[in-house]
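Each remark here refers to the structure printed beneath this line.
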Amino acid sequence: MQFDHFHSHQNDGLMSIAELRALRLREKKFESDKKARKYILEINQRYRKMSAHKSNNFLRNMNPFKKTA
């Protein structure tokens, strides 16, 4: 039986116990992968925000007319 991740509401009335277990494992893996991608996305967004803030401060503090020591 072919399983489509995007249509998980398929009729599972005629599936064997082994197929039901495999289906449940795939669904759990799919959900855990989604959570992992979401977590990594949040980390990347925080990092981009911090690095953008640092580069903006660097450019703002850099004054070409300032005397160097």
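The first residue in the sequence is number 1, and the count goes up from there.
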Original post:
Taking atom NZ of K29 and atom NZ of K34, what is their separation to the nearest 0.5 Å?
Top reply: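 Answer rounded to 0.5 Å: 13.5 Å.
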
Subject >> With sequence neighbours excluded, residues passing side chain to side chain contact (heavy atoms under 4.5 Å, CB included) with I17 >> reply: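 Side chain to side chain contact (heavy atoms under 4.5 Å, CB included) list for I17, sorted by chain: R21.
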
Original post:
What is the minimum heavy-atom distance between E19 and L14, and which atoms define it?
Top reply: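 So the two residues come closest at OE1-O, 4.4 Å.
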
Subject >> Those residues that, when tested against K35, pass salt bridge (charged side-chain N to carboxylate O under 4.0 Å, His left out) (two or more places apart) >> reply: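 Partners of K35 under the salt bridge (charged side-chain N to carboxylate O under 4.0 Å, His left out) test: none.
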
Return all side-chain donor-acceptor pairs below 3.5 angstrom for residues 36-47, not counting sequence neighbours, or 'none' if the list is empty.
| from | atom 1 | to | atom 2 | distance (Å) |
| --- | --- | --- | --- | --- |
| N44 | ND2 | I40 | O | 3.4 |

Original post:
Do K28 and E31 meet the salt-bridge criterion of a basic N to acidic O distance under 4.0 Å?
Top reply: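 No salt bridge links E31 with K28.
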
